[in-house]
Enquirer: 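Handing you a structure now.
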There are 2 protein chains.
Amino acid sequence: MADFDYRTLDELIHSRIRLAVVSILSAVEFADFRFLREKTGATDGNLGAHIGKLENAGYVSAEKLFVERKPVTRYRLTPEGKAAFQAYVIRLGEMVRLEDAS
Amino acid sequence: MADFDYRTLDELIHSRIRLAVVSILSAVEFADFRFLREKTGATDGNLGAHIGKLENAGYVSAEKLFVERKPVTRYRLTPEGKAAFQAYVIRLGEMVRLEDAS
DNA sequence: ACAGAGTACTCTGTTTTTCAGAGTTACACA
DNA sequence: TGTGTAACTCTGAAAAACAGAGTACTCTGT
């Protein structure tokens with residue numbers, strides 16, 4: 001039988017907001033703050049705090065620039081972030097047997 | 001693009017311990033307390049509290065009996081619990097694109 | 001009837017996390 | 001140098017997670 005130890009699910013990714021952020025970043029190569037805020041529906045303070053955790057963990061990197069005279073921060077997954085997300089998804093799949101639901 | 005609003009993920013299921021419990025119950029028809037505790041690795045007090053939340057939500061039902069002279073509580077998913085879990089898994093799949101990882 | 005044993009909680013208190021919103025910083029451009 | 005926009009940082013409140021102690025329950029043996 002599969003392993004269901006709850007501690008084997010990366011708690012840094014297993015948060016609804018952070019999971020949404022990482023999922024988006026895994027799909028789009030890079031995304032800016034406004035985009036992430038709109039897609040997740042989070043308030044900007046809250047979103048900033050969650051992204052901060054992902055940056056501290058080395059899962060996400062940020063790049064600041066100006067586009068059309070306006071400040072923009074672009075985020076992308078680091079290789080570590082990609083690996084962690086992939087591991088998380090695989091682990092999750094083992095746990096919930098997602099393939100059965102499709 | 002898919003919806004990434006973090007509030008669309010059932011927060012009652014999206015907890016590492018409760019997710020483990022519900023996943024197990026979705027696979028085995030019923031399970032007793034000891035079994036759940038061993039599989040999840042949770043302490044019994046903590047596990048009891050999480051199961052309590054699932055019961056209050058109507059996702060899980062309990063049945064007490066004695067087996068080999070020892071008290072046993074058997075838990076199973078209610079129809080509501082099954083539906084909620086299935087919805088959760090589908091939602092999760094949309095979010096993380098789990099099918100890509102296999 | 002009562003004591004002992006085993007299980008499944010319930011309760012308590014601590015730690016951690018989440019969240020919203022206000023306030024602040026930073027930089028480009030006029 | 002002042003203004004505008006975006007991206008945070010900080011604060012504080014609320015909720016959740018967690019471990020572990022303590023308790024209640026019912027069976028069984030005497």
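Letters A, B, ... are given to chains in the order of the sequence lines, protein chains preceding strands, and every chain is numbered from 1. Heavy-atom basis, side chains included; hydrogens, waters and symmetry copies ignored.
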Enquirer: Between B/T73 and B/K70, name the one whose nearest nucleotide on DNA chain C is closer to the 5' end.
Expert: B/K70
Enquirer: Is a donor on one side and an acceptor on the other found under 3.5 Å between the side chain of A/R97 and the backbone of B/S26?
Expert: no
Enquirer: Of the options C/dC19, D/dA19, D/dA7, whose atoms approach the side-chain atoms of B/Y6 most closely?
Expert: C/dC19
Enquirer: Partners of A/D44 by side-chain hydrogen bond (donor to acceptor under 3.5 Å, both in side chains), sequence neighbours excluded?
Expert: none
Enquirer: Return the residues of residues 13-23 of chain B meeting this criterion: a heavy atom under 4.0 Å from some atom of DNA chain D. Order them by number, or give none.
Expert: B/S15, B/R16, B/I17, B/R18
Enquirer: Of B/R7 and A/E11, whose nearest nucleotide on DNA chain C comes first from the 5' end?
Expert: A/E11
Enquirer: With a 4.0 Å cutoff (strictly under), does any side-chain N or O of B/R34 reach OP1 or OP2 of C/dT7?
Expert: yes
Enquirer: Could you pull out all residues at least two apart from A/A62 that satisfy side chain to side chain contact (heavy atoms under 4.5 Å, CB included)?
Expert: A/E55, A/T73, A/Y75
Enquirer: Can you list the residues that meet the side-chain hydrogen bond (donor to acceptor under 3.5 Å, both in side chains) rule with A/E80, with sequence neighbours excluded?
Expert: A/T78
Enquirer: Quick one: side chain to side chain contact (heavy atoms under 4.5 Å, CB included) partners of B/T43, sequence neighbours excluded?
Expert: B/N46
Enquirer: For residues 27-37 of chain B, which side-chain donor-acceptor pairs fall under 3.5 Å, sequence neighbours excluded?
Expert:
from  : atom 1 : to    : atom 2 : distance (Å)
B/D32 : OD1    : B/R34 : N      : 3.3
B/D32 : OD1    : B/F35 : N      : 2.9

Enquirer: For residues 43-67 of chain A, which residues have at least one heavy atom under 4.0 Å from DNA chain C?
Expert: A/T43, A/G45, A/N46, A/H50, A/K53, A/F66
Enquirer: Rounded to the nearest angstrom, tell me the gap between atom CG in A/D10 and atom P in C/dT17.
Expert: 12 Å
Enquirer: Apply side chain to side chain contact (heavy atoms under 4.5 Å, CB included) to A/E63 and list each qualifying residue two or more places apart in sequence or on a separate chain.
Expert: A/L65, A/R74, A/R76
Enquirer: Restricting to side chain to side chain contact (heavy atoms under 4.5 Å, CB included), what partner residues turn up for B/A20, sequence neighbours left out?
Expert: A/F4, A/M95, B/T40
